[in-house]
Amino acid sequence: MEDAEKKDLQNTVLKKLEEVETIENSESLETEFNIDHDKLESILKSLVVDFYIELQPIKRQEIRLTEEGQECAEKGTPEFRIFNLLEPGVETEKVDFHNTHGIEITKQIISKLKLNKWANLGKSSVTRLEGVEAVDSDRAILEEMLADPTPTKYDNKKVKELKNRKLIKFASITSYTITKGVDFAPEVVEREAELTIDLLRNDEYKNKIFKKFNVLAKGIEIDGGHLHPLLKVRTLVRDIFFEMGFEEMETGQYVESSFWNFDALFQPQQHPARDAHDTFFIDEPKYTKEVPADYMERVKNTHEKGGYGSIGYDYDWSEDEAKKNILRTHTTGVSSKVLYKLGQQEKFEPKKYFSIDRVFRNETLDATHLAEFHQVEGVVADYNIGLSNLIEMFKVFFKKIGIDKLKFKPAYNPYTEPSLEIFGYHPKLGKYVEIGNSGVFRPEMLRPMGLPENVNVLGWGLGLERPTMIYYGIDNIRELFGHQADMKKTKSNSVCYMSTKDK
Ligand code: PHE
């Protein structure tokens, strides 16, 4: 808008307001002075900023014809056009009709033809009834709506039907009641925005009118950082562990030696999980520098010959294989180091540990799997504990994350016996889903670490991505993690409270 035009329009509004005191609805200005709606709106807002006027919004809905609705208003509804193209009494195959006229007889049209009693329908054919006069009443309504878009003028049911058919939609229209503001004048006056040195120097400011500060003006929106959904859920799970008296393990290293990730866990060197298909091996540096020598010897012996009531695996254990660096495949590779340290203490002390961090597996990528993901792991070491303690722990832990119905299935891990797969009832999905893996660590793993004979260690692990995806209704992992992650969702996601009652 040119400055002159703007000033003219501003003055038009002010003059009118001076005359009538209150303008009930700004739409009257649109018709009286032939001002376009958007232009008027920007003029009114500019007058508000300088306190000439005050606005009270009036909101209402208007019917707008969609492109399809527009077409119906011009040419008639599709059912009416089809009716006209069909010959009375002649059965026509729908496919043939489509081929000749290029109009598809959709399910919606079929139900309309039936409802209007315009045609008989076979499985694949349509026959126009004889002696029927069709009146395209929907077209007539659409035409009326073009002339008068007030929704309340029309039958509610009809409006809903046309909206469902996507022939019309609603538009929200805002107009205003206009009243005089604190600085009203019948004409816009030049107002100084700033008190400058020049104005002060020769008292010129005394003859000037100044703009008022608009203390209600909105500031620039500050866009701060937002926590990633995985971080929100991680925070929740961490708090639960702290609440239950667990200590957090140090997980800040992604590269681990095969020794701590596998060998210390009594996982044989030929185990399929150690294959390059499942594990990422590091080229440089290829080998870890140090592993405690005496402990490594005990691990080697246990693998080869057994001990602590075990016969071992009976193979030649290779130090070279054990020292190979890898990206850790599970957080249990961290737990093994922590448990070894615990076993090295002079006097054993019961401990509860947890970790939540990233692990890596050389998996085929799909909608729910990536080659890196996060694991949550809990480990409890105490005198004479076992399976019943483990199950009791799960009841407490999983209830806190909102899962209160659990089922267990026997499983196999090289480092635990017995081992349990954990299934939790998911209220949103209405079924039990696998949520974790667990077990009582084997003596073949714990005794070489130096842990006393009557000490048992329980452990369990679960993924972080899955509960997060379920909680935030994300069904493709790429929307959660990596460069395709949906920033809008990240910004708007609620804080995570994973209770069953919540959602
Ligand atoms: N490491 C196991 C996994 O990756 C989880 C687990 C942890 C199982 C501790 C038993 C004990 O699935």
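In each ligand, atom 1 is the first atom listed, and ligand 1 is the first ligand listed. Keep in mind that the numbers below use all heavy atoms, side chains included, and drop hydrogens, waters and symmetry copies.
Within 4.0 Å of ligand 1, protein heavy atoms come from H330, T332, R361, Q375, E377, N413, Y415, T416, N437, S438, G439, F441, G459, W460, G461.
Residue pairs that meet the salt bridge (charged side-chain N to carboxylate O under 4.0 Å, His left out) test with at least one member in residues 367-378, sequence neighbours left out, are R358-E372. For residues 339-354, the salt bridge (charged side-chain N to carboxylate O under 4.0 Å, His left out) pairs, not counting sequence neighbours, are E247-K351.
Pairing each heavy atom of L451 with each of L339, the nearest pair is CD1-O, 4.1 Å.
A salt bridge does not link D239 with K400: every distance from a Lys NZ or Arg NE/NH1/NH2 to an Asp or Glu carboxylate oxygen is 4.0 Å or more. Between K45 and E41, at least one side-chain N (NZ, or NE/NH1/NH2) sits under 4.0 Å from a carboxylate O, which counts as a salt bridge.
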Side-chain donor-acceptor contacts of residues 62-72 below 3.5 Å, not counting sequence neighbours, with atom names and distances?
from: E62; atom 1: OE1; to: R64; atom 2: NH1; distance (Å): 2.7
from: E62; atom 1: OE1; to: R64; atom 2: NH2; distance (Å): 3.3
from: E62; atom 1: OE2; to: R60; atom 2: NH1; distance (Å): 2.8
from: E62; atom 1: OE2; to: R60; atom 2: NH2; distance (Å): 3.3
from: T66; atom 1: OG1; to: E68; atom 2: N; distance (Å): 3.4
from: T66; atom 1: OG1; to: G69; atom 2: N; distance (Å): 3.1
from: T66; atom 1: OG1; to: K166; atom 2: O; distance (Å): 2.7
from: T66; atom 1: OG1; to: L167; atom 2: O; distance (Å): 3.0
from: E71; atom 1: OE2; to: K75; atom 2: NZ; distance (Å): 3.4

